[in-house]
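To find a chain, count down the sequence lines: A is the first, B the second, and so on, and within it residues start at 1.
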Amino acid sequence: MKALKNEKILITGPMGQIAFPIAVELAKDNEVWGIARFRDGSKRQHLESLGIRTRSIDLANPGFRDLPDDFTYVIHLAAFIGPKPNFDRALTVNAEGTGLLMGHCQKARAFFSMSSCSIYAAPQDPYHPVKESEALSGEALPYSPTYIASKTAQEAAARLCARLFNLPTTIARMNVSYGPNGGLPAYQFDAMLAEKPVQVLSDRPSICSPIYQDDIVAQVGGLLSAASVPAKIVNWGGDDGVDVETYCRYMADIVGIKPEFERSPHGVKHTVTDNSLRKAIVGDCQVKWQEGMRRMIAARHPEVKLKG
Amino acid sequence: MKNEKILFAGLTGQIGFPLALHLARDNEVWGIARFRDESKRKQLEQAGVTTCHMDLGRPDYANLPDDFGYLIHFAVYQEGGLDFDEAFRVNAEGTGLLMAHCRKAKAALVMSSCAVYALPQDPNHPVKETDPLNGPQSAHCPTYAVSKTAEEAVARAAARQLGLPTTIARMNVYYGTYGGLPPWQFEWMLAGMPVPVQPNRASVCSPIHEDDINHQVGGLLAGASVPATIVNWGGDEAVEVRTYSSYMAEITGLKIQFQEAADDPLAARTVVADNTRSRELAGDCQVKWREGMRRVIAARHPEIKLRA
């Protein structure tokens, strides 16, 4: 698998759950820059202390004057996600912002744009592994009504700019990410630890393809090397489909707590991803979900004793 | 609009065709399309339009001038089937590449659709441009709503990237000599077929007549801006499908039958457009719906005697 070394890399939204471990890892062997709004100055200092150069930039209205334009790779993970129905803001940041960023970085060898499997129309059969060519039109998420429409819009902008600037691009549709730095399973575990129920759908199994942080960090370079014009669109999930209830019961079991589930027809419809394309590019995942969930709990909750 | 050099994409469609003929009277109009209907191409050429074959998904602009004063883009991929990739290639990427070719223009008008709106709970609620997106998949063309959302995203991004003043107009229900939902519904009545309607939802819409399109296009182009102006484009009167269909039956002495069928692709799910913004930019509509429907029937069926 391709490891990035001695490159000049721009990462957007570097404090994010997925971005932060990538930024930290890449900063070891590369010149890494991070842009975000940095409303929290201490986070910015933390990045700087790790050797990451930072600039404060709002993608809705970006001033690129202080940002170099000679990055060799760009990893664009910043996204607007919020509970309010402000569609104009969401499209301004996620679609227009992505386009303007690609315009600024058009000299790069490759551009990576993060997308989401939630843009797929949920297949009737929840076990059906979704291919990249399948139907779009995801239902609005209950916690962020603008997310699906604006991530679909972001893909459109990235697809255009790949062709407009002849900028090799990878659009990766993340399934469920998790690890020491968070993610849905991490938050579900925290809920169980606080004796709160985990929310699941009442009329549909919640099967997903969780991918562990270390696999994400290890695969990003390979996905960048597969960037193309027109843009390469690839699912990014773990190798095994697993039901939310199954992995929650597993997590509860290894720490000796009792899981509770709250069933409702309203909630996130997960999908299982067909990973053929990703596997062809970067190979298999290294971390099985059981092992990943153990590692995640050990890292986030060292006070909790894990059963064998 | 007078003495302008206009590039018109998608001028063989029901909306584009009469508008292109109208504009060709006083302007230098160039038209690009796939021209699958040779007779339409001839008619356009006879009206003084310079035509040029173009597939917007795979455009070759080498032989097309780039000194247009205005771009009017009504072309759309609207096939049945599930080719989302092609829908994005044409509607999203194609729009951006076309705008880039016309970057020197004074303004671009990009046609979108009220199909991008999430259906409001109250079918009589006039949707504003800021209302929630995430339109439902339509049965007649599953790729339509999502790829028009993608087209808007690209037009927004390209407007800012290129500094090209842009208006994105969300068409409600169009009707005119060459088609639109009400004329087709009339054809079904004439053939003795029932008009399919949604069973559990009033199909209230804002139909706009061809003549109003012709009158308003200049105002909408004059309202183009960076970032893009987004504007609903519909008639000023809200009317239910059953109401106008019954009127068309009444003035022609036809019997009308409605067939309630939620899954029928021809049973339209419609919204009412809030026209505050379009009225500011382009003024009020001149053609009342009853008058407009009379005129359309008279133009399409001169053999039918209309009752008062």
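- Identified by a heavy-atom distance below 4.5 Å to chain B, the contributing residues of residues 115-128 of chain A are A/A121, in residue-number order.
- Heavy-atom pairs under 4.5 Å with chain B were tallied for A/T152, A/L91, A/L136, A/I148; the largest tally goes to A/L136.
- Of the listed residues (B/V154, B/N91, B/V116), the one with the most heavy-atom contacts under 4.5 Å to chain A is B/V154.
- Within 6.0 Å of NZ on B/K5 lie more than 12 heavy atoms contributed by other residues, nucleotides or ligands.
- Minimum interatomic distance between A/R163 and B/P59 (heavy atoms only, all atoms of both residues): NH2-CD, 3.8 Å.
- B/R160 places no side-chain N or O within donor-acceptor distance of the main-chain N or O of A/G99, the cut-off being under 3.5 Å.
- For A/S133, the part lying under 4.5 angstrom from a heavy atom of chain B is the backbone only.
- When every heavy atom of A/A149 is checked against every heavy atom of B/T149, the shortest pair comes out as O-CG2, 4.4 Å.
- Nearest heavy-atom pair, A/A95 versus B/A157, reported as atom, atom and distance to 0.1 Å: O-CB, 4.1 Å.
- In the displayed structure, A/D70 atom CG is contacted under 6.0 Å by more than 12 heavy atoms of other residues, nucleotides or ligands.
- Smallest separation of non-hydrogen atoms from B/R156 and A/D88: NH2-OD1, 3.0 Å.
- Interface remark: A/T92 contributes backbone and side-chain atoms alike to the contact with chain B (heavy atom separation under 4.5 Å).
- Nearest approach of B/P142 to A/S137, heavy atoms of both residues: O-OG, 4.3 Å.
- At most 12 non-hydrogen atoms from other residues, nucleotides or ligands lie less than 6.0 angstrom from CG of B/N63.
- Counting non-hydrogen atoms of other residues, nucleotides and ligands closer than 6.0 Å to NE2 of A/H266 gives a total of 12 or fewer.
- For B/D131, the part lying under 4.5 angstrom from a heavy atom of chain A is the backbone only.
- Residue-environment remark: CD (A/E139) stays at or below the threshold of 12 foreign heavy atoms within 6.0 Å.
- For B/P132, the parts lying near chain A are the backbone and the side chain together; criterion is any non-hydrogen pair under 4.5 Å.
- The backbone N or O of B/L82 sits nowhere less than 3.5 Å from a side-chain atom of A/E134 that would complete a donor-acceptor pair.
- Separating the CG atom in A/L164 from the CD atom in B/E93 is a distance of 10.5 Å, to the nearest 0.5 Å.
- Between B/A158 and A/L160, the closest heavy-atom pair is CB-CD2, 4.4 Å.
- Note that the CZ atom of B/F88 and the CD1 atom of A/I233 stand 8.0 Å from one another [nearest 0.5 Å].
- For A/F165, the part lying under 4.5 angstrom from a heavy atom of chain B is the side chain only.
- Counting heavy-atom pairs closer than 4.5 Å to chain B, the top-ranked of the candidates A/G103, A/P85, A/A156 is A/A156.
- The salt bridge (Lys or Arg N to Asp or Glu O under 4.0 Å) with B/D85 is formed by just one residue from the set A/K232, A/R159, A/K131; it is A/R159.
- At most 12 non-hydrogen atoms from other residues, nucleotides or ligands lie less than 6.0 angstrom from CG of B/D263.
- In this structure, B/Q161 CD and A/Q106 CD are separated by 7.0 Å, a value rounded to the nearest 0.5 Å.
- When atom types are taken as modelled, the side chain of B/N134 and the backbone of A/G138 share a donor-acceptor pair closer than 3.5 angstrom.
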